[in-house]
Colleague: 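One structure is given below, represented as structure tokens, and several questions about it will come after.
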Amino acid sequence: DTGVSQDPRHKITKRGQNVTFRCDPISEHNRLYWYRQTLGQGPEFLTYFQNEAQLEKSRLLSDRFSAERPKGSFSTLEIQRTEQGDSAMYLCASSFDWDSTYEQYFGPGTRLTVT
Amino acid sequence: DQQVKQNSPSLSVQEGRISILNCDYTNSMFDYFLWYKKYPAEGPTFLISISSIKDKNEDGRFTVFLNKSAKHLSLHIVPSQPGDSAVYFCAARPFSSGSARQLTFGSGTQLTVLP
């Protein structure tokens, strides 16, 4: 397994368009997280899945954002009617339930630019 | 409301010397702390962690110290190497009886190790 992968790595879109990002976690990981990182800041939590169930959402996740994890494997994050403030790096992470270090393994991220 | 703070945006150290990166937190519910390293165009990579029941954890050249009464932790890198040049993020996880395990990150410190 090569780790967490994300696609695309870069996305440029015009304001008002919809975009969708994909995350493939490490195969045996049952937990999946989405974070957003803006310039000069650390990653900020957006939402979390345990298997296919979305168990928590941050207040940062407005109603224009939706995330899914069908069948508890890969996940998608969709942003509808993008705004310039959505420009950021979107990071996906996965982890074990039973990992005593509570380490989350991050993907390389999708950099979104809204023009 | 920044619950995890890294007050030094940057740090420069000579190769072979000690690098000390600092992190402060405000939330008493945090019970596990992690350090991540991030190179440009890559996702954060786990470095080392510490539970709130300990005050020190070592892994090779990396040592993390936790002072719970001061709500302060630090990462020591000895000896520093040019390949250590990266952004270092401090992250914290709250104790929770529920399923949420999201990490709260600081804003990062750019470490530059000079040859």
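The chains referred to below are lettered A, B, ... by the order of the sequence lines, with proteins before strands, and numbering in each begins at 1. Predicted, not measured: the structure shown is a model, and the values here were computed from it.
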Colleague: Step through the shown structure and confirm whether more than 12 heavy atoms of other residues, nucleotides or ligands are within 6.0 Å of CD1 on A:Ile12.
Modeller: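 Count not over threshold, so no.
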Colleague: Over all heavy atoms of both residues, which pair between A:Pro43 and B:Pro44 is shortest? Give the atoms and the distance, please.
Modeller: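 Shortest heavy-atom contact: CG-CG, 4.4 Å.
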Colleague: For the NZ atom of B:Lys38 and the CG atom of A:Leu91, what is their distance to the nearest 0.5 Å?
Modeller: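 Taking NZ in B:Lys38 and CG in A:Leu91, the distance rounds to 7.0 Å.
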Colleague: Side-chain heavy atoms under 4.5 angstrom apart, residues restricted to Ile, Leu, Val, Met, Phe, Trp, Tyr: same cluster for B:Trp35 and B:Leu11?
Modeller: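 Yes, it is one cluster - the side chains of B:Trp35 and B:Leu11 are joined through contacts under 4.5 Å.
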Colleague: How many angstroms lie between CG in B:Leu103 and CD in A:Glu103, if you round to the nearest 0.5 Å?
Modeller: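 That separation rounds to 10.0 Å.
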Colleague: Taking B:Leu47 as the starting point, is it possible to reach A:Tyr105 by hopping between hydrophobic residues whose side chains are less than 4.5 Å apart?
Modeller: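 Shared cluster, no.
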Colleague: So for atom CZ, which belongs to B:Arg61, do other residues, nucleotides or ligands contribute more than 12 heavy atoms lying within a distance under 6.0 Å?
Modeller: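 Atom CZ in B:Arg61 is packed in, count exceeds 12.
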Colleague: Just wondering, more than 12 heavy atoms not from A:Glu68 lying within 6.0 Å of its CD?
Modeller: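 Not buried by this count: 12 neighbours or fewer within 6.0 Å.
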Colleague: Measure the shortest side-chain to side-chain distance between A:Pro108 and B:Glu42 over non-hydrogen atoms and say whether it is less than 4.5 angstrom.
Modeller: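 A:Pro108 does not reach B:Glu42 side chain to side chain.
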Colleague: Compute the centroid of each ring, for B:Phe105 and then for A:Phe45, and state whether the two points are separated by less than 6.0 Å.
Modeller: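 No, the ring centres sit 6.0 Å or more apart.
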Colleague: Which pair of heavy atoms, one from B:Phe89 and one from A:Gln37, lies closest together, and at what distance?
Modeller: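 That would be CZ-NE2, 3.2 Å.
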Colleague: Measure A:Glu44 against the heavy atoms of chain B and call it side chain, backbone, both or neither at under 4.5 Å.
Modeller: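 Neither part.
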Colleague: Can you hop from B:Tyr32 to A:Tyr35 via hydrophobic side chains spaced under 4.5 Å?
Modeller: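 B:Tyr32 clusters together with A:Tyr35.
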Colleague: Counting only heavy atoms not in A:Arg64, do more than 12 fall under 6.0 Å of its CZ?
Modeller: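 For A:Arg64, atom CZ is crowded (more than 12 foreign heavy atoms under 6.0 Å).
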Colleague: What part of A:Arg9 gets within 4.5 angstrom of chain B, counting heavy atoms only: side chain, backbone, both, or neither?
Modeller: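 Contact with chain B involves the side chain of A:Arg9 alone.
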Colleague: Heavy-atom distances under 4.5 Å only: say whether B:Ile50 touches chain A with side chain, backbone, both or neither.
Modeller: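 Answer is neither: B:Ile50 stays 4.5 Å or more from chain A.
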Colleague: Determine, using the 4.5 Å side-chain heavy-atom cutoff (strictly less than), whether B:Leu34 and B:Phe65 are members of one ILVMFWY cluster.
Modeller: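 No, B:Leu34 and B:Phe65 fall in different hydrophobic clusters.
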Colleague: To the nearest 0.5 Å, tell me how far B:Phe46 CZ sits from A:Phe106 CZ.
Modeller: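 If we round to the nearest 0.5 Å, B:Phe46:CZ and A:Phe106:CZ are 11.5 Å apart.
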Colleague: Dump the intermediate steps for side chain to side chain contact (heavy atoms under 4.5 Å, CB included) on B:Gln102 and A:Trp34, then the final yes or no.
Modeller: CA-CA 9 Å; B:Gln102 72 270 22; A:Trp34 284 99; over 6 Å; no
